[in-house]
Amino acid sequence: MREITINKNDADQRLDKFISKRFKSMPTALMYKYIRKKCIKVNGKRCEISTRLKEGDVITLYIKDEFFEAPEYDTYDFLKAPNRLDVVYEDENIILMNKPTGLLCHPDETYHFDSLLARFQHYMYDKGEYDPKDENSFAPALANRIDRNTGGIVIGAKNAEALRILNQKIKDREMKKLYLCMVHGTPKKRSALLEGYLVKNEKQNRVYISHKKTPDSKTVKTRYTVLKTYGKMSLCEVELLTGRTHQIRAHMASIGCPLVGDGKYGTNALNKNVPLKWQALCSYKLTFAFTTDGGALEYLNGRTFAIDRVWFFDYLGISEKALR
């Protein structure tokens with residue numbers, strides 16, 4: 001018999017979710033069997049898979065010892081990533097990081113050890129704010145993500161309560177995220193709301209914009225404003241009213257103004273003399289615009305954060321004065 005006391009980061013989640021995170025090697029069917037046969041109890045009483053855990057609850061487990069085998073705590077994968085971060089803002093609950101272009105937000109099957117998430121966790125570990133040995137089910141997490149080849153602001157949650165609030169605010173669109181991009185040409189209208197339907201081709205890792213709705217299409221809405229024109233290129237501020245894969249890149253290309261440096265939605269002819277390795281796109285500004293109670297993050301409501309230097313400005317000879 002073993003006992004686990006629920007801490008603050010474990011609280012306010014379903015029992016089955018907690019067990020799945022805490023005992024990753026336990027088959028789901030076996031977990032349900034343990035709960036059904038009262039091999040897992042909460043505060044000494046029978047429980048359901050949907051039981052909502054509270055701080056201070058004690059879970060009693062009569063399960064196989066193999067599930068309690070301790071991992072090697074000196075070989076965390078996140079320690080293999082750099083611990084350097086470009087911090088835009090930080091407090092005890094969240095951190096806003098300026099992700100460099102070329103870096104994945106999360107590791108994938110081909111790129112295991114270095115990612116923004118791993119760097120964030122390494123950073124927290126070195127600061128003494130996170131140690132996996134002290135956690136049952138939580139690890140510092142990213143609340144949003146941007147493409148590998150897009151730079152800019154990504155939000156990190158330092159605790160479970162902050163992550164829950166951020167997830168809800170992002171889902172309910174209570175945050176305003178603005179992007180800067182350099183496009184080829186100049187849009188016909190200085191400012192406009194683009195609407196259409198997007199279809200994703202998984203094999204090509206590419207999306208297509210159409211004005212006709214199809215069974216597998218998703219609505220896309222993109223608002224842009226031309227800030228300044230530089231010869232045959234224009235600097236635009238863009239707001240995503242929907243969050244779809246490659247939305248800005250595909251939507252701007254659909255009106256004849258592909259992003260500078262974008263080889264997927266632009267053309268080599270346009271980009272051949274452009275000194276960029278990636279598309280000129282940056283998530284540069286974030287406003288917390290809560291319309292419902294922000295709970296532990298209410299102090300952020302109404303605040304706006306922006307990065308000091310947009311990554312592609314130097315390459316294209318753009319002054320920060322373009323934003324004023």
Side-chain angles (χ1 to χ4, degrees), residues 88 94-99 101 103-106 108 115-117 120 141-157 162-181 183 191-202 204-211 213-225 236-255 257-259 262 264-265 278-292 294 297 300-301 303-307 310-311:
V88 178
I94 73 162
I95 184 170
L96 304 183
M97 299 164 281
N98 181 10
K99 184 189 82 68
T101 52
L103 181 67
L104 288 166
C105 278
H106 297 91
D108 64 14
S115 65
L116 186 65
L117 175 61
F120 172 35
L142 306 183
N144 69 312
R145 58 177 294 174
I146 54 180
D147 291 343
R148 178 176 186 169
N149 295 335
T150 298
I153 297 175
V154 176
I155 313 168
L163 182 60
R164 284 192 292 271
I165 294 170
L166 289 169
N167 285 340
Q168 179 256 312
K169 297 304 180 187
I170 291 172
K171 178 182 178 182
D172 295 341
R173 308 201 69 79
E174 294 182 47
M175 293 187 194
K176 184 177 181 179
K177 291 176 285 185
L178 294 177
Y179 292 75
L180 287 176
C181 64
V183 302
S191 182
L193 172 62
L194 304 178
E195 298 183 80
Y197 299 96
L198 177 147
V199 176
K200 184 175 182 180
N201 186 310
E202 295 286 355
Q204 297 178 352
N205 188 30
R206 181 188 176 102
V207 302
Y208 295 88
I209 303 290
S210 171
H211 293 295
K213 183 176 177 58
T214 61
D216 56 346
S217 66
K218 295 182 178 180
T219 301
V220 283
K221 295 182 180 181
T222 308
R223 178 179 287 119
Y224 75 85
T225 299
C236 299
E237 182 180 72
V238 180
E239 180 183 3
L240 291 179
L241 302 182
T242 55
R244 311 297 187 197
T245 301
H246 298 175
Q247 179 176 326
I248 294 175
R249 298 164 65 187
H251 227 162
M252 296 306 291
S254 74
I255 62 169
C257 296
L259 270 59
D262 191 346
K264 185 181 291 285
Y265 297 97
W278 300 291
Q279 66 270 3
L281 179 62
C282 181
S283 175
Y284 90 110
K285 185 181 289 187
L286 171 70
T287 298
F288 293 88
F290 302 159
T291 56
T292 57
L297 301 185
L300 292 168
N301 196 14
R303 297 188 65 181
T304 295
F305 301 91
I307 61 177
V310 177
W311 73 268

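Bear in mind the structure is a predicted one, so any value in this text is a computation, not a measurement.
Side chain of N149 to main chain of W278: no donor-acceptor pair is present (N/O by atom type, distance under 3.5 Å, no hydrogens or angles). W311 places no side-chain N or O within 3.5 Å of a backbone atom of A280 that could act as its donor or acceptor partner. Checking side-chain atoms of D262 against main-chain N and O of K264 turns up a donor-acceptor pair under 3.5 Å. Side-chain atoms of K99 come within 3.5 Å of backbone atoms of T150 as a donor-acceptor pair (strictly under, hydrogens ignored).
Scanning for side chain to side chain donor-acceptor pair (under 3.5 Å) contacts around N167 gives an empty result, with sequence neighbours left out. Considering only residues two or more places apart in sequence or on other chains, T214 meets the side chain to side chain contact (heavy atoms under 4.5 Å, CB included) condition with V199, D216, S217. Remark: T225 engages S191 in a side chain to side chain donor-acceptor pair (under 3.5 Å) (not counting sequence neighbours). For Y284, the side chain to side chain donor-acceptor pair (under 3.5 Å) partners are E237, not counting sequence neighbours. With sequence neighbours excluded, no residue forms a side chain to side chain donor-acceptor pair (under 3.5 Å) with E202. By the side chain to side chain contact (heavy atoms under 4.5 Å, CB included) test, N144 pairs with V154, I155, I170, K177, sequence neighbours left out.
The minimum heavy-atom distance between L103 and S115, with the atom names listed, is CD1-CA, 3.9 Å. Heavy-atom minimum distance, G152 versus C282: CA-SG, 4.0 Å. In this structure, V238 and C181 approach most closely via the heavy-atom pair CG2-SG, 3.8 Å. Smallest separation of non-hydrogen atoms from R173 and G243: NH1-N, 4.2 Å. Annotation for A306 and I153: closest pair CA-CD1, 4.3 Å, computed over non-hydrogen atoms.
Interatomic distance, NZ of K218 versus NZ of K213, reported as 11.0 Å (0.5 Å rounding). Remark: T219 OG1 to E195 CD distance equals 8.5 Å, nearest 0.5 Å. R145 CZ to S283 OG: the interatomic distance, rounded to the nearest 0.5 Å, is 13.5 Å. Here the OH atom belonging to Y224 is positioned 14.5 Å from the CD atom belonging to E239, to the nearest 0.5 angstrom. Taking OH of Y179 as the start and CE of M252 as the end, the distance is 14.0 Å to the nearest 0.5 Å. The line from CD1 of I95 to CZ of F120 is 6.0 Å long, rounded to the nearest 0.5 Å.
Between L198 and Y208 the shortest side-chain heavy-atom distance does not fall below 4.5 Å. Annotation: side chain of F288 is in contact with side chain of I94 (closest heavy-atom distance under 4.5 Å). Side-chain contact between L259 and Y265: absent, with no pair of heavy atoms (C-beta onward) separated by less than 4.5 Å. The side-chain heavy atoms of M97 and L142, taken from C-beta on, include a pair separated by under 4.5 Å. Within the 4.5 Å cutoff, side-chain heavy atoms of H251 are placed close to those of V220. Under the 4.5 Å side-chain criterion, counting only non-hydrogen atoms from C-beta, L286 is not in contact with R303. With a 4.5 Å cut-off on side-chain heavy atoms, K169 and L297 do not count as touching.
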Quick one: do H246 and N205 satisfy side-chain contact (heavy atoms from CB on, under 4.5 Å)? Show the steps, please.
CA-CA 9 Å; H246 298 175; N205 188 30; 4.1 Å; yes

Between T101 and Q279, does a side-chain contact (heavy atoms from CB on, under 4.5 Å) hold up when you go through it step by step?
CA-CA 9 Å; T101 52; Q279 66 270 3; over 6 Å; no

Just do the side-chain contact (heavy atoms from CB on, under 4.5 Å) check on K176 and L178 with the steps written out, would you?
CA-CA 7 Å; K176 184 177 181 179; L178 294 177; 4.0 Å; yes

Using the rule given for side-chain contact (heavy atoms from CB on, under 4.5 Å), can you reason through L193 versus L241, listing the C-alpha separation, both sets of side-chain angles and the distance that settles it, and then say yes or no?
CA-CA 9 Å; L193 172 62; L241 302 182; 3.5 Å; yes

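Taking a 6.0 Å sphere around CZ of R206, one finds it holds more than 12 heavy atoms contributed by other residues, nucleotides or ligands. No more than 12 heavy-atom neighbours from other residues, nucleotides or ligands sit within 6.0 angstrom of NZ on K221.
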